Amino acid sequence: MSELLHNLNPEQLQAVTLATKDENGNAQSALILAGAGSGKTRVLTTRIAYLIQTGQISPIGILAVTFTNKAAKEMLARLSGMMPINTRGMWVGTFHGLCNRLLRAHFNDAGLPSTFQILDTQDQLSAIKRLLKSLKVDDEKYPAKQLQYFISNAKERGNRPKDMSPADEFQGVMIRLYQAYEEQCLREGVVDFSELLLRSYELLKHNEPIREHYQRRFRHVLVDEFQDTNTLQYAWLKLLSGHSTSHPACVFAVGDDDQSIYAFRGADVANMRLFEKQFHPLTVKLEQNYRSHANILDTANHLIAHNKERLGKNLRTDAGHGEPVRLYEAASDGTEASWLIDEIRNLINDGMTRSEVAILYRSNAQSRIIEHGLFSAGIAYRVYGGLRFFERAEIKHALAYLRLMENPNDDTSFSRVVNFPTRGIGARSIEALQDIARTQQSSLYAAASFLEGKPGSSISSFIRLIDHMRDATRKNTLPELIDYVIQHCGLIQHYLAEKEGQDRIENLQELINAATAFVAEEGLGQDAVALTPIELNTSLPVEPLFDTQGTASTTPTEMSPLAGFLAHASLEAGDNQAQAGQDAVQLMTVHASKGLEFKVVFITGLEEGLFPHENSINEPKGLEEERRLMYVAITRARDRLYLSHTQSRMLHGQVRYNMPSRFLEELPKECLKLLTPKHSESRWGNVARQVNPSWGNASLGHDLPTAKSFSKTSVIVPSTKSNNDHGFYVGQNVFHPKFGEGRITGFEGNAPDTRAQVNFARHGVKWLQLSIAKLTAI
DNA sequence: CTCGGTGCGGTTTTT
DNA sequence: CCGCACCGAG
């Protein structure tokens, strides 16, 4: 025990050892406000170990929930490092993974077939498109994307169609489409991501024996990244933890309101305050930071202090001031990239490990020019984001064959592969199938089987193929099965004939390896493990648990390895790291960087409209979230932090002149070191003084043999001469008595009606007639 | 069915 | 500017 706790600082120790009962002997919940780099995961896992080792709970009485598979894996790994326990029986996983586990165990009570499949976001969208088509809905008026958003949103608020009342006709249609979508999913035996949550919530809510069972089992519920929970997840936790019952569990929530950056996908920081109000937790703040030097932390603290909606927290460190935060103003995105590359090259020459250097940006579009520069300079880099393994088209195709074998009602999978590779089943035949399916209320597969009257037809041979593969692999192991299917379904042959099919074939081979790993690592499959009857540890004060008589339908189910693997594939899309293992500079969005740390961090594109993003600028909530995003970015850096912005940037095919980000002004000057001296004279520098005719090539400082688009974007030389009668030029910094400072981004019309487009720092883009507006150069 | 043209839209992303 | 979704021709 002592070695478990002796490395903790006082606040961590306090958090880990918080009482589990209040003065009245009731369960006591806790809220840990864990700042960036304060040892959050450590506290969470040590808390679990502490509870177990002090005999307060058996491992089976613990439920720990995270948002990502990565976090769940890390937690399990750390736990097994701390204690000699078998983590298999523990419920540690993502919200979706745990819900899946719950629904697999109680599929019957949840109203699902035992073979239910999980739709990922792509699958869901294609299911919706199919639905709209079959209902002959005008998809101009009711776009599939929008319906998808509508449905997810409704579910994440816990709403079924019947719970919703339309405010207008449009909503009325959306609700009816939502209803139809539900019917389709049920008919096909599929559930989408939000459905996993909602359905398991409803299962617990409406089925008393099951609810009682889990409430009495899980005496300790621990939640990671609590600030990222949405309404439904909060309700799920509240229900599962038996809040407001006679036997509530202890909820241990760990989060950081300052790092809440997912409101756009439904996360609601307000859940933290709600939790305080409803659970009356003991609160501990972890403010000791073990990651960054003081200059970096001060910068972060100073920035985030501008947010009004905070629970309040300030990071501190014992590390020294360290280096100042470096700020660079570039003339264009091209020069920003070349400066970055020069700096990185110097760092590498000084012995810096590439993978300790991260380049962060607000949006993915910014990576292109940086990648180009790195590539030309021959610096290995890795971009995070993009397609992950199980999202690749060829993998999705192979999985669709497998899913169809497992669940013939899965029309999404049927549609995906019925004519891929092409076997002469065109839109006409599929429409015919859909008609039959609709009239007899059956799946496409059943409709196709119905057509077996025409034995020679392409459709019936497709059905025979699926049936044959199912029969032929009945006795095979999972990897053998998958091997057989990819060999026989025609995908390999198809890609062999394709010019660039080799990579895809390799990925298909990799799928077999993934299955091998799945079988080896997970045994039956961690997510898929059927509910094992709970062994009672009589030495622990655990209440009677499993009433097998009363809940006959909760009998564990044998799940096929294939079903387990398919669920795994949907729930864990896999890595998206291109060349893992290689020492490479890390490129990613700020969002993707959350939870990571690097010795050196570059935050690029700190410009109004980009960061903060223009879509967020107008609402205070949006702006505060952008600021938190900046806070996350800053706190990724251990030793050195670079910030950069540019005067001009190519975006959406045109050059934009952005003002420096307002966030730059919110940083403490004493922590900053300006790398561009001009910066100190004028807040944004002065384009005229910085103009250099060699922009775009010579100033890159190294040869760029293939820098075609590079020079295209960086040869943006704002006209310095005022070859017109008003004397203003694009890129010029100007002052307006009402709108303040801004930069000219364009002109239109001729004197005396010439109008200038000005991007004002505080008022956005305006068109001003030069003969009227009192515009002065600064 | 496949290829090539056009037109449009374009933050952030995990499950 | 770039990627896609959709449409019409072969």
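Values in this document were obtained by computation on a predicted structure and should not be read as measured data. Each chain gets a letter, A, B and so on, in the order the sequences are listed, and its residues count up from 1.
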Sugar-phosphate means primed atoms, P, OP1 and OP2; the rest is base. With that split, encode nucleotides 4-10 of chain B 5' to 3' as B, S or - using protein heavy atoms under 4.0 Å. ------B
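Ranked by how close their nearest DNA chain B nucleotide is to the 5' end, L629(A) and F67(A) are led by L629(A).
For H306(A) and F663(A), the ring centers sit 6.0 Å or farther from each other. Annotation: H591(A) is in aromatic contact with Y262(A) [ring centroid separation under 6.0 Å]. The six-membered or imidazole ring of F193(A) lies away from that of F95(A), with a centre-to-centre distance of 6.0 Å or more.
Between N364(A) and dT11(B) there is no side-chain polar atom (N or O) within less than 4.0 angstrom of OP1 or OP2. A sub-4.0 Å separation between OP1 or OP2 of dT13(B) and a side-chain N or O of T589(A) is present. Phosphate contact (OP1/OP2 of dT15(B), side-chain N/O of R388(A), threshold under 4.0 Å): present. Contact between the side-chain N/O atoms of N419(A) and the OP1/OP2 oxygens of dC1(B) is found at a separation under 4.0 Å. In this structure, S570(A) does not reach the dT15(B) phosphate: none of its side-chain N or O atoms is under 4.0 Å from OP1 or OP2.
At a cut-off of 3.5 angstrom, the base of dT13(B) holds no donor-acceptor pair with the side chain of T121(A).
Classified by interplanar angle (parallel below 30°, tilted 30° to 60°, perpendicular above 60°), the ring pair F218(A)/Y214(A) is parallel.
Distance CG (L197(A)) to C1' (dT15(B)): 9 Å, rounded to an integer number of Å. Taking atom CD on Q122(A) and atom P on dT14(B), their separation rounds to 13 Å, with Å as the unit. One atom, CG of L132(A), and another, C1' of dA5(C), lie 15 Å apart when rounded to the nearest Å. Between the NZ atom of K155(A) and the P atom of dT15(B) there is a distance of 19 Å, rounded to whole Å. Atom-to-atom, CG of D228(A) to C1' of dT12(B) comes out at 13 Å; the value is rounded to the nearest Å. Computed from coordinates, the H591(A) NE2 to dT13(B) P distance equals 7 Å when rounded to whole Å. Between the CZ atom of F611(A) and the P atom of dT11(B) there is a distance of 16 Å, rounded to whole Å. If you measure from atom CG of N230(A) to atom P of dT13(B), you get 18 Å, rounded to the nearest angstrom.
One C1' atom belongs to dT14(B), the other to dG3(C), and the distance between them is 23 Å to the nearest Å. Comparing dC4(C) with dT13(B), their P atoms are spaced 16 Å from each other, to the whole Å. Between dT11(B) and dC6(C), the distance separating the two C1' atoms is 25 Å to the nearest Å.
Atom NE2 of residue H96(A) and atom OG1 of residue T68(A) lie 12.0 Å apart, to the nearest 0.5 angstrom.
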Review item, side-chain donor-acceptor pairs of residues 144-151 of chain A, under 3.5 Å, at least two apart:
| from | atom 1 | to | atom 2 | distance (Å) |
| --- | --- | --- | --- | --- |
| Q148(A) | NE2 | T121(A) | O | 3.0 |
| Q148(A) | NE2 | Q124(A) | OE1 | 3.0 |

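Each of dT15(B), dT13(B), dT11(B) was ranked by its minimum atom distance to the side chain of T68(A); first place goes to dT15(B). Comparing dT15(B), dC2(C), dT13(B) by their closest approach to the side chain of A592(A) singles out dT13(B). Closest to the side chain of L571(A), from the set dT13(B), dT15(B), dT11(B), is dT15(B). Relative to the side chain of R265(A), the nucleotides dT12(B), dT14(B), dT2(B) differ in distance, and dT14(B) lies closest.
Within the nucleic acid shown, S194(A) has no heavy atom closer than 4.0 Å to any nucleic acid atom. E626(A) comes within 4.0 angstrom of a base, heavy atoms only. No engagement by I617(A) is indicated, since no non-hydrogen atom pair under 4.0 Å with the nucleic acid exists. The residue F264(A) sits close to a base: some heavy atom pair falls under 4.0 Å.
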What dot-bracket string describes DNA chain B from 5' to 3', counting Watson-Crick and G-U wobble pairs whose defining distances are under 3.5 Å, with [ ] for crossing pairs and | for pairs to another strand? ||||||||||.....
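Defined by atom type and a distance below 3.5 Å, a donor-acceptor pair is present between the side-chain atoms of S616(A) and E626(A). The closest side-chain donor-acceptor pair between R199(A) and Y201(A), if any, does not fall under 3.5 angstrom.
For the side-chain hydrogen bond (donor to acceptor under 3.5 Å, both in side chains) criterion with T412(A), the lone passing option out of Q184(A), R130(A), Q117(A) is R130(A).
Anti is the glycosidic conformation of dT6(B), whose angle departs from 0 by more than 90°.
Proximity of a side-chain donor or acceptor of T635(A) to a complementary backbone N or O of V632(A) within less than 3.5 Å is detected.
Looking only at side-chain heavy atoms (C-beta outward), S134(A) and Q434(A) stay at 4.5 Å or farther from each other.
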